[in-house]
Amino acid sequence: QVQVMESGGGVVQPGGSLRLSCAASGGTLVGYNIGWFRQVADTERTDGIACIINRGGITFYGDSVKGRFTISRDNAKNTAYLQMNGLKPEDTAVYYCAAHRATQMTSVQAMCVMGDFRSLSSWGQGTQVTVSS
C-alpha cells in the first residue's frame with residue numbers, strides 16, 4: 001500500500017497561484033486514483049475538489065474550483081499535482097492528497113463527491129494554503 005505526502009502549501013495573495021505536490025512512497029501510484037480534498041479550519045467537513053484516474057486522462061472537479069484548478073499526475077515520478085490559479089480567500093484550507101485503488105473505485109467523480117477522504121486507501125498529513133492580502 002502506498003503512502004502519500006503533500007507539499008507546496010503556503011501563503012498567497014488573492015489572484016495568485018500555487019502548485020501542490022503529492023509524492024508517493026512504498027509502491028507505485030499506477031494502480032491508484034488520486035484525489036485532492038480540503039478542509040476549512042474549525043470545521044469537520046471535507047470537500048473533494050479534484051480527482052484523476054490512475055492512468056490519467058479522466059478528471060473530475062468540484063464546482064468551486066472548476067476552471068481555476070488543474071489536477072495532473074506523472075506516474076513515472078510517482079507524483080500527482082494540483083495547480084491552483086486565481087486563488088480566492090475562500091480557498092483557504094488544509095489540502096489533503098488521497099489515493100485509492102482504482103480496482104475498488106473506478107469512478108473519479110464518486111471518489112471526489114464522497115468528501116470523507118479518510119475512508120480511502122491512503123492519505124497524507126495535509127498542507128496549509130492561506131489566501132490573504
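Note on Ile49: it clusters hydrophobically with Leu87, by side-chain heavy-atom contacts below 4.5 Å among ILVMFWY residues. Ile34 and Phe60 are not part of a single hydrophobic cluster, where members link through side-chain heavy atoms under 4.5 Å apart.
Nearest heavy atom pair, residue Gln1 against residue Gln3, reads O-NE2, 2.9 Å. The two residues Asn54 and Ala102 have their closest heavy-atom pair at CG-CB, 3.7 Å.
One finds the SG atom of Cys97 at 12.0 Å from the CD atom of Gln125 (value rounded to the nearest 0.5 Å). The line from CD1 of Ile52 to SG of Cys22 is 11.5 Å long, rounded to the nearest 0.5 Å. One finds the CG atom of Asn33 at 10.5 Å from the CD atom of Gln104 (value rounded to the nearest 0.5 Å). How far CD of Gln109 is from CD1 of Ile53: 12.0 Å, rounded to the nearest 0.5 Å. In this structure, CE on Met114 lies 11.0 Å from OG on Ser107, to the nearest 0.5 angstrom. Remark: Tyr95 OH to Thr46 OG1 distance equals 13.0 Å, nearest 0.5 Å.
Side-chain polar atoms of Tyr32 and Arg101 form a donor-acceptor pair below 3.5 angstrom. Side chain to side chain, Asp74 and Thr79 fail the donor-acceptor criterion of an N or O pair below 3.5 Å.
No more than 12 heavy atoms of other residues, nucleotides or ligands shown are found within 6.0 angstrom of CE on Met5. No more than 12 heavy-atom neighbours from other residues, nucleotides or ligands sit within 6.0 angstrom of CZ on Arg45. Taking a 6.0 Å sphere around CD of Glu44, one finds it holds 12 or fewer heavy atoms contributed by other residues, nucleotides or ligands.
Looking only at distances, no side-chain donor or acceptor of Asn78 sits under 3.5 Å from a matching main-chain atom of Ser25. Although no hydrogens or angles enter the test, the distance criterion places a donor-acceptor pair under 3.5 Å between the side chain of His100 and the main chain of Ser121. Under a 3.5 Å cut-off, the side chain of Gln39 and the backbone N or O of Thr43 do form a donor-acceptor pair. A distance-only check finds a donor-acceptor pair linking the side chain of Thr127 to the backbone of Gly9 [under 3.5 Å]. Between the Gln83 side chain and the Tyr81 main chain, no donor and acceptor come within less than 3.5 Å of each other.
With contacts defined as side-chain heavy-atom distances shorter than 4.5 Å, the pair Val2/Leu29 qualifies. Within the 4.5 Å cutoff, no side-chain heavy atoms of Ser17 are placed close to those of Met84. You'll find the side chain of Glu6 reaches within 4.5 Å of the side chain of Trp36, heavy atoms only. With a 4.5 Å cut-off on side-chain heavy atoms, Leu82 and Phe69 count as touching. In this structure, Leu18 and Val129 have side chains that are in contact, with non-hydrogen atoms separated by less than 4.5 Å. The shortest distance between side-chain heavy atoms of Val131 and Gln13 does not fall below 4.5 Å. Side-chain contact between Pro14 and Pro89 is present, with at least one heavy-atom pair separated by less than 4.5 Å. The side-chain heavy atoms of Arg55 and Val30, taken from C-beta on, include a pair separated by under 4.5 Å.
A ring-centre distance under 6.0 Å is not found for Phe37 and Tyr96.
Listed by first then second residue, pairs satisfying salt bridge (charged side-chain N to carboxylate O under 4.0 Å, His left out) with a partner in residues 76-91 read Arg38-Asp91, Arg68-Asp91, not counting sequence neighbours.
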